[in-house]
Amino acid sequence: MYDKKIIEVFLEKQLQLFPEKVAENEQEAAEFLEDVCATVCKNKKEVIEYLEDAMDVSGLTEDEILSAEEVFDIGDGRYLIVEG
């Protein structure tokens, strides 16, 4: 479900959401993402729609939503949402 690029980005940026590392390697990262049912969105629009349903984002700009600590920019147009 989570490809290598997603796992690598999560490993690199996990401290933006958590106070300490939750995974040390790709296998641990993949297992963690599966355990918390992290969501992959194919574009910004999907991120905004998902977060509108999951949390109160009224009054936030698109940039504020996309820079939320739960949102990880994969760098290829996709985003990973991890609810910690």
Side-chain angles (χ1 to χ4, degrees):
M1 179 172 187
Y2 306 103
D3 62 36
K4 186 172 181 66
K5 178 75 173 165
I6 290 170
I7 292 169
E8 288 174 351
V9 169
F10 177 72
L11 269 174
E12 178 184 319
K13 297 182 178 182
Q14 62 185 306
L15 295 177
Q16 83 181 26
L17 179 58
F18 300 103
E20 57 188 43
K21 289 186 175 185
V22 295
E24 295 292 333
N25 57 49
E26 289 183 10
Q27 180 179 347
E28 287 179 5
E31 290 172 0
F32 178 82
L33 293 174
E34 288 174 17
D35 287 347
V36 299
C37 300
T39 302
V40 178
C41 296
K42 65 182 178 182
N43 56 42
K44 294 176 184 182
K45 182 181 177 193
E46 275 192 11
V47 172
I48 293 166
E49 288 172 358
Y50 178 87
L51 290 178
E52 284 176 340
D53 289 340
M55 48 195 289
D56 181 18
V57 294
S58 59
L60 297 178
T61 66
E62 179 180 289
D63 287 339
E64 289 172 327
I65 293 170
L66 296 175
S67 64
E69 61 187 17
E70 297 91 351
V71 179
F72 294 79
D73 184 349
I74 303 304
D76 59 5
R78 297 179 299 160
Y79 293 83
L80 175 69
I81 300 174
V82 180
E83 295 183 61

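Predicted model only: the values in this text are computed from it and were never measured.
- Judged purely by atom type and a 3.5 angstrom limit, Gln14 uses its side chain to pair as donor or acceptor with the backbone of Leu11.
- When hydrophobic clusters are built by joining Ile, Leu, Val, Met, Phe, Trp and Tyr residues whose side-chain heavy atoms come closer than 4.5 Å, directly or via intermediates, Ile48 is grouped together with Leu51.
- The backbone N or O of Glu8 sits nowhere less than 3.5 Å from a side-chain atom of Glu12 that would complete a donor-acceptor pair.
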Q.
Is there a salt bridge (charged side-chain N to carboxylate O under 4.0 Å, His left out) between Arg78 and Asp3? Walk through the geometry before answering.
A. CA-CA 12 Å; Arg78 297 179 299 160; Asp3 62 36; 2.8 Å; yes

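- With hydrogens and angles disregarded, a donor-acceptor distance shorter than 3.5 Å links the side chain of Tyr2 to the backbone of Ala38.
- Side-chain contact between Ile6 and Val40 is present, with at least one heavy-atom pair separated by less than 4.5 Å.
- At a threshold of 4.5 Å between non-hydrogen side-chain atoms, the residues Leu33 and Leu80 count as touching.
- Of the inter-residue distances, the one linking Cys41 atom SG with Tyr79 atom OH reads 10.0 Å to the nearest 0.5 angstrom.
- A heavy-atom distance below 4.5 Å is found between the side chains of Leu15 and Lys21.
- Side-chain heavy atoms closer than 4.5 Å link hydrophobic residues (I, L, V, M, F, W, Y) into clusters, and following such links, possibly through other members, connects Val22 to Met1.
- A single hydrophobic cluster is seen to contain both Leu17 and Val9, as judged by linkage of ILVMFWY side chains at heavy-atom distances under 4.5 Å, directly or through other members.
- Between Val82 and Phe18 there is a side-chain heavy-atom pair separated by less than 4.5 Å.
- In the hydrophobic clustering of ILVMFWY residues, with side-chain heavy atoms under 4.5 Å counting as a link, Ile65 and Ile74 come out apart.
- Heavy-atom contacts from other residues, nucleotides or ligands closer than 6.0 Å to CD of Gln27 number 12 or fewer.
- A donor-acceptor contact closer than 3.5 angstrom links the side chains of Ser58 and Asp56.
- Val36 and Met55 end up in different hydrophobic clusters when Ile, Leu, Val, Met, Phe, Trp and Tyr side chains are linked at under 4.5 Å.
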Q. What do the steps show when you test Phe72 against Phe10 for ring-ring contact (aromatic ring centres under 6.0 Å, His included), and what is the final call?
A. CA-CA 7 Å; Phe72 294 79; Phe10 177 72; 5.6 Å; yes

Q: Would you sort out whether Leu66 and Asp73 count as a side chain to side chain contact (heavy atoms under 4.5 Å, CB included), showing the intermediate values?
A: CA-CA 8 Å; Leu66 296 175; Asp73 184 349; over 6 Å; no

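- Interatomic distance, Glu52 CD to Leu60 CG, rounded to the nearest 0.5 Å: 10.0 Å.
- Around the NZ atom of Lys13, the shell of radius 6.0 Å holds more than 12 heavy atoms that belong to other residues, nucleotides or ligands.
- Formation of a donor-acceptor pair under 3.5 Å by the Gln16 side chain with backbone atoms of Glu69 is found in this model.
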